Amino acid sequence: MSSTDGAGEQLAFIRETVRKAKPRAARGVELADRLPVARVLVDKGVLSLDQFFDYAVPAAMADEARPGVRVRVRFGGRVGASGRREGGALHDGFVVERRETSDYAGPLAPLARVLSSEQVLTPELLRLCRAVADRYAGSLADVLQLAIPPRHAGAEGEPSPRPLPPPSVPEPGGWARYPHGPAFLSSLAAGHAPRAVWTALPGPGWPEEIARAVAATLASGRGALVVLPDGRSVARVDEALTALLGSGRHAVLAADAGPQERYRRWLAVSRGSVQAAIGTRAAMFAPVRRLGLVVVWSDGDSSHSDLNAPYPHVREVALLRAAEEGAGALIGGVATTVEAAQLVRSGWARPLAAERETVRALAPRVRTVTDLDQARDAAAQAARLPSVAWETAREALTRGPVLIQVPRRGYVPSLACGRCRTPARCRACGGPLQAGGADAPLECAWCGTAETDWHCVECGSFKLRAQVVGARRTAEELGRAFPRVPVRTSGRESVLASVPDAPALVISTPGAEPVAEGAGYAAALLLDGWALLGRPDLRAGEEALRRWLTAAALVRPVGEGGAVVVVAEPTARAVQALVRWDPAGHAGVELDEREQLRFPPVSRMASVTGSAAAVADLLGLLRLPEGADVLGPVPVPAVGGKGEETERALIRVAPGQGAALAAALKAGQIARMALRTGDPVRIRIDPVDIG
DNA sequence: AGCACGCCGACT
DNA sequence: GTCGGCGTGCTC
């Protein structure tokens with residue numbers, strides 16, 4: 001050991017001792033005399049080192065720089081030749097903690113500014129965001145960006161209203177239709193944290209039931225959070241809550257309010273001025289005080305998956321919150337997801353479902369037909385409807401509106417063999433063929449190769465058919481088939497909230513079905529079911545059933561003449577589950593199958609996507625937990641559409657090792673970034689499009 | 001990510 | 001001898 005090293009160590013030791021005794025800031029700043037160190041989360045996204053930095057608290061900010069406030073700090077500057085700190089760009093950050101000392105051996109830069117004295121990052125919110133970041137192999141800064149809306153100074157200036165006293169315990173209302181419903185409510189009202197998977201009865205009662213669960217929770221002096229998949233369902237629960245509790249006890253956190261109004265409402269929740277929050281997926285992080293219940297409606301809806309890194313899912317965040325904050329949980333909808341079924345099977349939640357006979361009385365009558373059963377009637381043929389569907393619609397139109405669900409919007413369909421329905425694929429690359437235009441040859445949607453001589457690879461037929469006919473064309477054709485009936489359409493571009501209780505054809509894509517005022521639809525036709533079921537996706541059956549049940553739940557009960565016709569293969573499991581109206585049973589069987597195949601949610605999966613070299617590089621770096629499987633990598637169509645060769649590998653671990661998998665992926669990602677080798681890799685926990 | 005420090009080639 | 005290549009590592 002050289003003498004220089006010894007001296008260096010000694011110097012470091014002395015500096016350390018000085019540090020612990022009293023933190024020292026860059027020259028010329030007078031420090032706060034109590035807790036002069038602020039631990040700060042610097043909001044610099046791709047600063048992949050997901051860690052806190054210590055700053056000195058100037059005396060002038062001693063009171064304001066409380067934990068949870070937004071601050072501005074200099075970051076990344078250099079110590080120049082003069083020994084003075086210079087440069088360093090200003091960044092936003094949050095004070096996470098005030099401390100007496102710092103672990104950092106070096107002069108601390110002072111906080112540049114306290115932006116606001118609002119303590120937006122509460123300890124519970126920080127813990128939640130940390131847990132979400134860990135679960136999804138993401139950074140805390142990314143999650144905070146999803147969790148805390150942008151600041152609007154104007155909103156902070158106004159005081160939030162005084163909180164109203166807790167409401168009285170609500171009557172069970174519609175919950176009386178469920179054997180354990182009243183007990184669930186009274187458990188909430190008594191301050192407990194019951195956890196339930198809810199199989200909601202068909203019909204319009206669910207918003208009010210959610211409102212009663214919220215009211216029961218508020219009655220216990222705690223707060224509640226409800227997350228719904230879209231603005232229309234938020235509006236319905238808002239209405240039900242207002243009817244039950246008046247206004248002033250809940251805030252609606254939906255995207256349609258402007259940013260300032262959104263922040264104002266968020267602050268009202270954060271300050272404890274209102275006890276309940278409802279909204280779409282961003283509301284999953286709402287900082288409700290003393291959370292007693294978290295509700296997720298229709299957890300199978302794909303809009304519960306966040307679109308921003310690290311792509312948290314509302315249901316998973318809700319489960320984390322229930323666990324961390326000791327809250328009850330109500331997860332469910334008209335359909336049941338495999339994940340929800342697993343919560344029941346594992347004993348984490350209890351089923352909240354009605355008796356069979358209640359279900360049978362409230363559900364419509366469901367019949368299946370195959371579309372080989374074509375109608376004789378000329379008008380029915382023009383509408384491409386099987387005769388049973390045609391007859392059902394014709395009869396029901398004398399009594400009220402008829403809902404017609406078509407699986408995808410758009411006019412130009414993809415193509416399949418007219419005889420056996422094998423999808424028409426490009427001979428060059430396997431991509432889907434599409435009609436190039438009026439009288440133009442077929443061409444590939446991926447590579448553009450023209451196909452002039454198509455025949456089916458399975459059966460040799462030369463006949464093509466439109467695999468999916470969109471809402472608009474269906475509307476035109478049905479309009480001709482039922483000449484004197486009004487036709488309305490509801491789809492992605494223009495979604496109707498409701499239709500009047502009068503004869504009309506209502507053509508809708510899944511998820512956009514209007515509610516029929518009054519008793520509900522007289523009938524629903526669910527068309528092109530084979531196209532929904534034929535998707536090469538692990539969730540095809542579950543997803544088809546969820547869409548059908550959601551539409552069919554808007555139809556009158558069988559006793560009031562409600563009828564549903566689904567055009568699909570009658571032996572398919574999802575079709576039979578619809579006929580029996582047994583979503584929980586279907587989810588249970590799907591879960592058995594996933595168990596055997598070790599597919600999610602019976603395992604935890606992650607996908608790793610990028611160039612072949614980058615994926616191989618990351619896979620080589622990973623220190624995966626014991627027993628992890630790596631599936632692939634295999635080529636996948638490039639995301640950007642350009643020719644870059646993209647590959648994807650799936651990594652699968654046992655359910656208990658999800659945290660270890662996420663940690664390994666994050667470590668690997670950070671290592672690659674530090675080495676700066678090659679191009680980026682996208683990591684996704686719980687990838688959606690597997691299978 | 002920026003941005004500075006550092007250790008090797010062509011120019012005055 | 002010096003200017004500058006961008007490879008590597010740190011940022012409180």
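Numbered from 1 within each chain, the chains take letters A, B, ... in sequence-line order. Owing to the predicted nature of the structure, the values given are computational and were not obtained by experimental measurement.
- As a whole-Å value, the separation of Leu41(A) CG from dT11(C) P is 17 Å.
- Separating the CZ atom of Phe75(A) from the P atom of dA1(B) is a distance of 13 Å, rounded to the nearest angstrom.
- Between Arg264(A) and Glu261(A) there is a salt bridge, with a side-chain nitrogen of the basic residue lying less than 4.0 Å from a carboxylate oxygen of the acidic one.
- Atom OH in Tyr55(A) sits roughly 11 Å away from atom P in dT11(C) (whole-Å rounding).
- Side-chain N/O atoms of Ser603(A) and Arg652(A) include no donor and acceptor closer than 3.5 Å.
- Atoms CG (Leu90(A)) and P (dC12(C)) sit 12 Å apart, rounded to a whole Å.
- Separating the CG atom of Leu111(A) from the P atom of dC12(C) is a distance of 12 Å, rounded to the nearest angstrom.
- Nucleotide dA1(B) holds its C1' atom 14 Å from the CG atom of Asp142(A), rounded to whole Å.
- Applying the ring-ring contact (aromatic ring centres under 6.0 Å, His included) definition to pairs two or more places apart or across chains, those involving residues 283-328 of chain A are Trp198(A)-Trp297(A), Trp206(A)-Trp297(A).
- Ring pair Phe75(A)/Phe53(A) is perpendicular by interplanar angle, where above 60° counts as perpendicular and below 30° as parallel.
- What separates CD of Gln669(A) from P of dA1(B) is a distance of 11 Å, to the nearest Å.
- Distance, Gln51(A) CD to dA1(B) C1': 15 Å, rounded to whole Å.
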